Undergrad: 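My questions all concern the structure below.
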Amino acid sequence: RYKKKSTNAPPLSKGLEHLLGLLEKKDPQQFFAWPVTDNIAPGYSTIITQPMDFSTMRSKIEENEYTYLNEFIEDFKLMCTNAMKYNQVDTVYYKASKKLLHAGLKIMVPEKLGWMLNLIP
Ligand SMILES: CC(=O)c1cc(-c2ccccn2)c2ncccn12
């Protein structure tokens, strides 16, 4: 991925990696671990214009592509809403993404992130 000059203080990427780990634990089937391919999901790349998954988020942390916590949260929401867009309501993927979205947003609230918020601009 495009490498930004490392403008971020280490605490930022440390904080985001910790947060990413918490979110990944909420996806035990690892449905969101890797990019969805057209092989496993026919037509996926035509329906989903901005794919996102946990491995991509991890690369973005490592390449200092997140300047603000909000950008990280937006990618998490994008990953979940992509699954709710492509998959029918009655599928394991749709149900897992809805559950993951709500569980993720519950931990990414100020009172839970307070300690990290002062690290992240
Ligand atoms: C996240 C998602 O939409 C997804 C993950 C998977 C997936 C992820 C890992 C192993 C198998 N399937 C998937 N398969 C078919 C249709 C959609 N998906």
Side-chain angles (χ1 to χ4, degrees):
R1 297 188 62 89
Y2 162 67
K3 182 163 177 57
K4 250 184 175 176
K5 62 181 179 4
S6 57
T7 48
N8 292 311
L12 170 60
S13 38
K14 282 286 161 273
L16 290 179
E17 276 171 11
H18 175 69
L19 197 46
L20 185 63
L22 296 179
L23 298 170
E24 286 174 322
K25 285 194 189 76
K26 297 185 181 295
D27 172 34
Q29 301 99 324
Q30 298 209 304
F31 290 151
F32 302 90
W34 308 102
V36 181
T37 62
D38 283 345
N39 297 354
I40 61 169
Y44 194 85
S45 59
T46 56
I47 297 164
I48 299 300
T49 55
Q50 274 191 293
M52 189 47 63
D53 67 283
F54 282 135
S55 72
T56 301
M57 291 175 71
R58 187 170 297 283
S59 308
K60 288 180 76 169
I61 294 171
E62 287 159 3
E63 298 298 332
N64 292 320
E65 290 180 55
Y66 293 119
T67 305
Y68 301 104
L69 173 59
N70 221 35
E71 294 167 328
F72 177 87
I73 295 171
E74 283 313 305
D75 271 355
F76 173 73
K77 287 177 1 189
L78 173 65
M79 180 181 74
C80 296
T81 50
N82 281 345
M84 295 161 102
K85 183 178 176 194
Y86 176 83
N87 301 286
Q88 304 299 318
V89 175
D90 62 338
T91 60
V92 284
Y93 305 116
Y94 184 100
K95 291 173 189 161
S97 69
K98 195 163 178 231
K99 193 171 170 217
L100 179 61
L101 178 63
H102 290 113
L105 292 181
K106 276 204 185 78
I107 58 175
M108 289 194 281
V109 293
E111 63 271 16
K112 290 258 168 91
L113 293 179
W115 59 272
M116 196 165 80
L117 281 179
N118 48 48
L119 297 177
I120 292 179

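As the structure is a computational prediction, the values presented were derived from the model and not from experiment. Both counts, for ligands and for their atoms, begin at 1 and track the order of listing.
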Undergrad: Specify side chain, backbone, both or neither for N82, according to which of its non-hydrogen atoms lie closer than 4.0 Å to ligand 1.
TA: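 Near ligand 1, N82 shows nothing, with every heavy atom at 4.0 Å or more.
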Undergrad: Taking the side chain from E71 and the backbone from Y68, do they hold a donor-acceptor pair closer than 3.5 Å?
TA: yes
Undergrad: State the atoms of ligand 1, each with its element, that fall below the 4.0 Å cut-off from a heavy-atom position in A41.
TA: 16 (C)
Undergrad: Heavy-atom distances under 4.0 Å decide this one: backbone, side chain, both or neither, for W34 against ligand 1?
TA: neither
Undergrad: I need the nearest protein heavy-atom contact for atom 3 (O) of ligand 1: residue, atom name and distance, please.
TA: N87 ND2, 3.0 Å
Undergrad: I'd like to check whether Y93 has a polar contact with ligand 1, where a contact means an N/O of the residue lying under 3.5 Å from an N/O of the ligand.
TA: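 Yes; at least one N/O pair falls below 3.5 Å.
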Undergrad: Ignoring hydrogens, what is the shortest heavy-atom contact between Y93 and F32? Give both atom names and the distance.
TA: O-CZ, 4.2 Å
Undergrad: With sequence neighbours excluded, what pairs up with F72 under the ring-ring contact (aromatic ring centres under 6.0 Å, His included) test?
TA: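 By the ring-ring contact (aromatic ring centres under 6.0 Å, His included) rule, F72 matches Y66.
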Undergrad: Which pair of non-hydrogen atoms, one from G43 and one from D38, has the smallest distance, and what is that distance?
TA: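 G43 and D38 have their closest heavy atoms at C-OD1, 3.9 Å.
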Undergrad: Do any nitrogen or oxygen atoms of Y86 come within less than 3.5 Å of a nitrogen or oxygen of ligand 1?
TA: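 No, no N or O pair falls under 3.5 Å.
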Undergrad: Taking all atoms of both residues into account, what is the closest heavy-atom pair of Q88 and Y94, and its distance?
TA: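 Nearest heavy atoms, Q88 then Y94: O-CB, 3.1 Å.
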Undergrad: Looking at atom 2 (C) of ligand 1, what's its closest protein heavy atom, distance included?
TA: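 Ranking protein heavy atoms by distance from atom 2 (C) of ligand 1, first comes V36 CG2, 3.6 Å.
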Undergrad: Which part of I40 is near ligand 1, with near meaning a heavy atom under 4.0 Å away: side chain, backbone, both or neither?
TA: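 Both backbone and side chain.
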Undergrad: With atoms numbered from 1 as shown, which atoms in ligand 1 lie under 4.0 angstrom from a non-hydrogen atom of F31?
TA: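 Going through ligand 1 atom by atom, the ones under 4.0 Å from F31 are 1 (C), 5 (C), 8 (C).
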Undergrad: Assigning hydrophobic clusters by single linkage (Ile, Leu, Val, Met, Phe, Trp, Tyr; side-chain heavy-atom cutoff under 4.5 Å), is I47 placed with F31?
TA: no
Undergrad: Go through V36 and N82 one step at a time and tell me if the side-chain contact (heavy atoms from CB on, under 4.5 Å) criterion holds.
TA: CA-CA 10 Å; V36 181; N82 281 345; over 6 Å; no
Undergrad: Which residue and atom name correspond to the protein heavy atom nearest atom 9 (C) of ligand 1, and how close is it?
TA: Q30 O, 4.0 Å
